[in-house]
Amino acid sequence: MRLQIVMSVVLLAAVACSSPERQRSMPAGPSAAAVDTTPMGVGGVSGKFDVLFPSRADAFQFRNELEIKYQTGLNRPLTLTYVDREGEVVWVQEYMRYRVNGCDHATAVARVMTQIDGGAPGGICAENRDSLIVFPPRNDSMDFRRQLEAKYQSMGRSQQSTHVDQEGSVIWTQEYMRYRVNECDHPSSVQKVFQQIDGGPVSPTCVPACRYFVSPGVSRYDDRQHTGTVDLIGDPGGCAWTAGSSAPWLTFDSAYTSGSNGISIPYTVAQNVSGGDRTGRIVFSWTGGTTTFFVDQSGSPFITSFTMTDAFRSGSTPTTECHLRSSATPCTFTVNTNLPGTSYTYAWTASYVYGGVVKTPAAGAGSTYTITDACGASDASASGVEAALEVVVTVTDNLGNTQTVRSGQGQQPALRVIKFTC
């Protein structure tokens with residue numbers, strides 16, 4: 001997520017930078033001794049998709065460096081202006097803030113002038129969800145600077161000397177802001193602007209060529225089974241990514257294990273019968289980065305599980321394989337549960353592929369369940385052919401408590417049938 005989004009939590013502090021009380025005492029911007037270091041802020045309305053600007057201290061430092069550049073590097077003569085450097089930086093940046101957050105030129109100018117007169121800062125006009133933040137055309141910025149000059153003159157401000165003319169000041173300040181909101185740090189932004197001033201090419205911003213983020217970043221569930229959706233959002237996308245789950249109880253379809261752009265991915269959270277809380281992750285990776293979606297699931301005080309035995313092969317020792325070697329091979333499942341009731345009912349389903357799909361449901365009051373099948377079907381072999389054995393049991397007590405456990409999910413191991421010729 002770009003820096004502007006990640007840092008949105010500090011925007012409330014930044015509102016103070018543009019508060020009505022501050023503006024009434026200093027309608028032309030803060031004094032040199034009090035240039036704050038907080039991000040510029042968004043005025044009246046803040047939110048996830050506000051474009052966050054650099055601190056006023058950084059912006060003021062750039063303006064001072066620009067002054068030195070014009071004086072000693074370009075040998076520009078002194079000129080006069082009614083707008084002091086601090087006021088120029090503050091209000092140009094505020095104008096840019098409105099523009100990149102959806103306000104048109106007239107609205108942005110009007111809101112800045114209201115703030116200069118001591119009014120409250122206005123909120124943004126629209127959410128900016130773009131990866132690369134686009135700034136207004138330079139003719140609009142120049143028109144704002146001319147209006148700012150007239151505003152300061154009408155306020156009775158005295159003229160000050162500067163080596164930076166109005167056009168150079170607003171254009172290069174805008175260019176500095178463009179690099180900063182597009183993820184360049186202060187030194188890089190200054191270097192890129194000065195390269196342009198010296199006649200060099202326009203350097204690219206610091207936004208990565210490809211990046212993704214997830215929304216939401218985390219989801220929380222109780223101990224029951226749930227389904228949900230996580231959005232993988234390109235910022236910008238367009239490059240290949242892969243996805244994988246860190247937990248067997250947090251699953252999604254294999255069709256979503258890779259892609260090349262943003263997508264919504266449905267997932268399933270299995271019932272938590274492990275007895276404790278747990279956290280799973282879906283991690284998305286691409287060349288140059290990763291992003292992670294977290295799932296937190298609370299545990300249940302009730303724990304239900306089952307084991308399987310293959311009497312002909314392992315006797316009463318639990319196993320994960322049912323070997324179909326005889327004309328009537330029994331494999332038995334036994335439930336253990338601490339549901340608080342005094343009596344229980346059990347609903348079972350076992351399914352596997354053996355010639356066709358074999359599905360054997362059963363229900364009753366017994367805590368054991370047996371499937372019986374024969375050797376020698378069409379898809380058996382002398383060495384044994386494996387197939388997944390999916391077993392589900394739902395236990396309900398007389399108090400209405402219920403739990404469902406599945407083979408291969410949570411604490412239950414995956415099960416298999418091994419099919420042999422007779």
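Start at 1 with the first residue, then count along the sequence. Given the structure is predicted, the values throughout are model-derived calculations rather than measurements. Just the heavy atoms: all of them, side chains too, but no hydrogens, waters or symmetry mates, feed the values below.
- A cation-pi arrangement is present between Arg138 and Trp172 under the rule of less than 6.0 angstrom and at most 45 degrees off the ring axis.
- Within the 4.5 Å cutoff, side-chain heavy atoms of Val90 are placed close to those of Arg56.
- Side-chain contact between Phe302 and Pro340: present, with at least one pair of heavy atoms (C-beta onward) separated by less than 4.5 Å.
- Although no hydrogens or angles enter the test, the distance criterion places a donor-acceptor pair under 3.5 Å between the side chain of Tyr179 and the main chain of Ser203.
- Residues Ser407 and Glu390 bring no donor and acceptor atom of their side chains to less than 3.5 Å of each other.
- Partners of Asp296 by salt bridge (Lys or Arg N to Asp or Glu O under 4.0 Å), not counting sequence neighbours, listed by chain and number: Arg220.
- Side-chain atoms of Ile116 and Val112, non-hydrogen and from C-beta on, do get closer than 4.5 Å to each other.
- A donor-acceptor pair is defined here as one N or O able to donate and one able to accept, closer than 3.5 Å; such a pair exists between the side chain of Gln412 and the backbone of Phe306.
- Residues meeting the ring pair (Phe, Tyr, Trp, His ring centres under 6.0 Å) test with Trp286, sequence neighbours left out: Tyr212.
- A distance-only check finds a donor-acceptor pair linking the side chain of Tyr354 to the backbone of Ala377 [under 3.5 Å].
- Closest approach of Ala209 and Pro236 over heavy atoms only: O-CG, 3.6 Å.
- By the side-chain contact (heavy atoms from CB on, under 4.5 Å) test, Thr345 is found to be paired with Thr396, residues two or more places apart in sequence or in another chain being considered.
- Applying the disulfide (SG to SG under 2.5 Å) rule to pairs touching residues 191-222 yields Cys184-Cys206, Cys210-Cys239, sequence neighbours excluded.
- Here Phe333 pairs with Tyr369 under the ring pair (Phe, Tyr, Trp, His ring centres under 6.0 Å) rule; sequence neighbours left out.
- For Thr402 (side chain) and Val395 (main-chain N/O), a donor-acceptor pair under 3.5 Å exists by modelled atom type.
- A 4.5 Å side-chain heavy-atom check between Leu415 and Val391 finds at least one atom pair inside the cut-off.
- The neighbour count for Arg278 CZ, taken as heavy atoms of other residues, nucleotides or ligands under 6.0 Å away, is above 12.
- Judged as a side-chain hydrogen bond (donor to acceptor under 3.5 Å, both in side chains), and not counting sequence neighbours, Asp277 has no contacts.
- The backbone N or O of His323 lies less than 3.5 Å from a partner atom in the side chain of Asp310, making a donor-acceptor pair.
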* To do: Could you give me the CA-CA distance, side-chain angles and deciding distance for Asp117 and Thr114, then say whether side chain to side chain donor-acceptor pair (under 3.5 Å) is met?
  => CA-CA 5 Å; Asp117 289 336; Thr114 296; 6.0 Å; no
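- Ion pairing of Glu88 with Arg145 is present here, as a side-chain N (NZ or NE/NH1/NH2) and a carboxylate O approach within less than 4.0 Å.
- Separation of atoms CD1 (Ile197) and CD1 (Ile171) is listed at 11.5 Å; rounding is to 0.5 Å.
- By the salt bridge (Lys or Arg N to Asp or Glu O under 4.0 Å) test, Lys192 is found to be paired with no residue, residues two or more places apart in sequence or in another chain being considered.
- Taken from CD in Glu167 to OG in Ser141, the straight-line distance is 11.0 Å, to the nearest 0.5 Å.
- Here the side chain of Asp397 pairs a donor or acceptor atom with the backbone of Gly341 at under 3.5 angstrom.
- Test Phe62, Phe194, Phe135 against Tyr176 for ring-ring contact (aromatic ring centres under 6.0 Å, His included) and you get one pass: Phe62.
- Between Arg99 and Ala108, the shortest heavy-atom distance links the atoms CD-CB, 3.6 Å.
- For the salt bridge (Lys or Arg N to Asp or Glu O under 4.0 Å) test, residues two or more places apart in sequence or in another chain that qualify with Asp165 are Arg76.
- Using a 4.5 Å heavy-atom threshold, the side chains of Cys331 and Glu321 count as separate.
- Interatomic distance, Arg211 CZ to Asp235 CG, rounded to the nearest 0.5 Å: 4.5 Å.
- Checked by atom type and distance alone, the side chain of Gln153 never pairs as donor or acceptor with a backbone atom of Thr81 at under 3.5 Å.
- The line from CD1 of Ile233 to CD1 of Ile263 is 12.5 Å long, rounded to the nearest 0.5 Å.
- Side-chain atoms of Arg313 and Thr319 form a donor-acceptor pair, as typed in the model, at a separation below 3.5 Å.
- Counting only distance, with no hydrogens or angles, the side chain of Asn336 and the backbone of Ile303 share no donor-acceptor pair below 3.5 Å.
- With hydrogens and angles ignored, the 3.5 Å screen pairs no side-chain donor or acceptor of Gln115 with any backbone N or O of Pro121.
- In this structure, Ser161 and Leu78 approach most closely via the heavy-atom pair CB-CD2, 4.0 Å.
- Under 3.5 Å, the side chains of His186 and Glu65 contain a donor-acceptor pair of N or O atoms.
- Rounding to the nearest 0.5 Å gives a distance of 6.5 Å between CD1 of Ile265 and CD1 of Ile282.
- Few gaps surround CD on Gln160; more than 12 heavy atoms of other groups in view lie less than 6.0 Å from it.
- Counting only N and O atoms by type, the side chains of Tyr352 and Asp373 include a donor and acceptor under 3.5 Å apart.
- Among pairs with a residue in residues 71-146, those fulfilling disulfide (SG to SG under 2.5 Å) read Cys103-Cys125, at least two apart in sequence or across chains.
- Using a 4.5 Å cut-off on side-chain heavy atoms (C-beta onward), Pro137 and Asp140 make contact.
- In this structure, a donor-acceptor pair under 3.5 Å is present between the side chains of Glu67 and Thr162.
- The side-chain heavy atoms of Pro318 and Met308, taken from C-beta on, include no pair separated by under 4.5 Å.
- No side-chain heavy atom of Val170 sits under 4.5 Å from any side-chain heavy atom of Leu148.
- Residues Ile133 and Arg178 approach most closely at O-CG, 4.4 Å, considering heavy atoms.
- Residues meeting the ring pair (Phe, Tyr, Trp, His ring centres under 6.0 Å) test with Phe294, sequence neighbours left out: none.
- Thr205 and Arg180 form no side-chain donor-acceptor contact under 3.5 Å, judged by distance and modelled atom types alone.
- Side-chain contact check for Ser264 and Asp231: at least one donor-acceptor pair (N or O, by modelled atom type) lies under 3.5 Å.
- Judged purely by atom type and a 3.5 angstrom limit, Lys419 uses its side chain to pair as donor or acceptor with the backbone of Val353.
- Separating the CD atom in Gln147 from the CG atom in Asp143 is a distance of 4.5 Å, to the nearest 0.5 Å.
- Looking at Gln225 and Arg406, their side chains do bring a donor and an acceptor atom within 3.5 Å of each other.
- At a threshold of 4.0 Å, the pair Lys69-Asp198 counts as salt-bridged, since one of the basic side-chain nitrogens sits closer than that to a carboxylate oxygen.
- The stretch residues 216-235 participates, sequence neighbours left out, in these ring-ring contact (aromatic ring centres under 6.0 Å, His included) pairs: Tyr221-His226.
- Between Arg224 and Gln297, the closest heavy-atom pair is O-NE2, 3.1 Å.
- Qualifying ring pair (Phe, Tyr, Trp, His ring centres under 6.0 Å) partners for Tyr267, counting only residues two or more places apart in sequence or in other chains: Phe293.
- A donor-acceptor contact closer than 3.5 angstrom links the side chains of Asp104 and Thr107.
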